[in-house]
Amino acid sequence: EYPDIFQDKILISQGEVVGKGRAKRHYKLRELYKETSYRINNPETPPEQTATINYTYRGMGSPLGAMLTHSNYAEGVLAYVENTRMAPTHRIMSLLPPFHVYPLVGCTFAPLLCGATVVILRNIIPRAVLSCIENFKVNHFTAVPSIYALLSRYFGSKYYELSSLKCCITGGSYMHP
């Protein structure tokens, strides 16, 4: 059985998870891999071959498709790992939709290839987000500025232990001070 990312919370990790949080399901990559009969027939995929076409709406009536190659993803993962010093000790919270390139590379591919743990939330309810950071000892958090604004407004109303956070990344828009 594969992860259903539409559940409230799931964890994907290489092994055991630090923290006291509870997820509906905890998937261990090695166990998922053992249970599958899927095999790659041709592991020599050319780097210039198109891997995905990611679409976005530009507000002009038609979607825009960006064709990304395997090389684009590989270079993106390598750069992300190098710049964030991603390691198996990272616990990443993913709130961003994985159909955008950045969350796919930075919140999915890079952490899982490094053996890090990924906490996936279905919603952005501040109480749920802050509780997950506290309970799962999340140390790497990525969100758009509007989510940071939402969390900062809620944060003052209750105490959360967030000392595990070491890296917070934003993008996609201007971040107000």
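The structure places NE2 of His140 at 5.0 Å from OG1 of Thr84, a figure rounded to the nearest 0.5 Å. Rounding to the nearest 0.5 angstrom, the gap separating the OH atom in Tyr102 from the CG atom in Asn54 is 15.5 Å. Atom CG of Leu130 is separated from atom OH of Tyr154 by 7.5 Å, given to the nearest 0.5 angstrom. To the nearest 0.5 Å, the span separating CE on Met67 from OG1 on Thr50 amounts to 4.0 Å. For the atom pair Tyr80 OH and Cys107 SG, the distance stands at 5.5 Å (nearest 0.5 Å). One distance of note links CG of Leu112 with SG of Cys114; it measures 9.0 Å at 0.5 Å rounding.
Residues Met86 and Gly106 share a closest heavy-atom pair of CE-O, 4.3 Å.
Remark: side-chain polar atoms of Arg91 are paired, donor with acceptor, to backbone N or O of Lys137 under 3.5 angstrom. Looking at Glu134, its side chain never comes within 3.5 Å of a backbone N or O of Leu162 through a donor-acceptor pair. Put simply, the side chain of Thr108 gets close to the backbone of Pro103: a donor and an acceptor are under 3.5 Å apart. Checked by atom type and distance alone, the side chain of Asn123 never pairs as donor or acceptor with a backbone atom of Val129 at under 3.5 Å. No donor-acceptor pair closer than 3.5 Å links the side chain of Ser94 to the backbone N or O of Ile120. One N or O on the side chain of Asn135 and one on the backbone of Ser131 form a donor-acceptor pair closer than 3.5 Å.
Not counting sequence neighbours, Asn83 has no partner by the side-chain hydrogen bond (donor to acceptor under 3.5 Å, both in side chains) test. Partners of Val144 according to the side-chain contact (heavy atoms from CB on, under 4.5 Å) rule, which considers only residues two or more places apart in sequence or in another chain, are Leu96, Ser146, Ile147.
Residues Val81 and Leu113 fall within the same hydrophobic cluster, defined by Ile, Leu, Val, Met, Phe, Trp and Tyr side chains chained together at heavy-atom separations under 4.5 Å.
Contact check for Ile133 versus Met93: side-chain heavy atoms found under the 4.5 Å cut-off.
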Run the side-chain donor-acceptor check on residues 165-172: report pairs under 3.5 Å with partners two or more places apart or on a different chain.
unit_1, atom_1, unit_2, atom_2, d
Lys166, NZ, Ser163, O, 3.0
Thr170, OG1, Ala143, O, 2.9

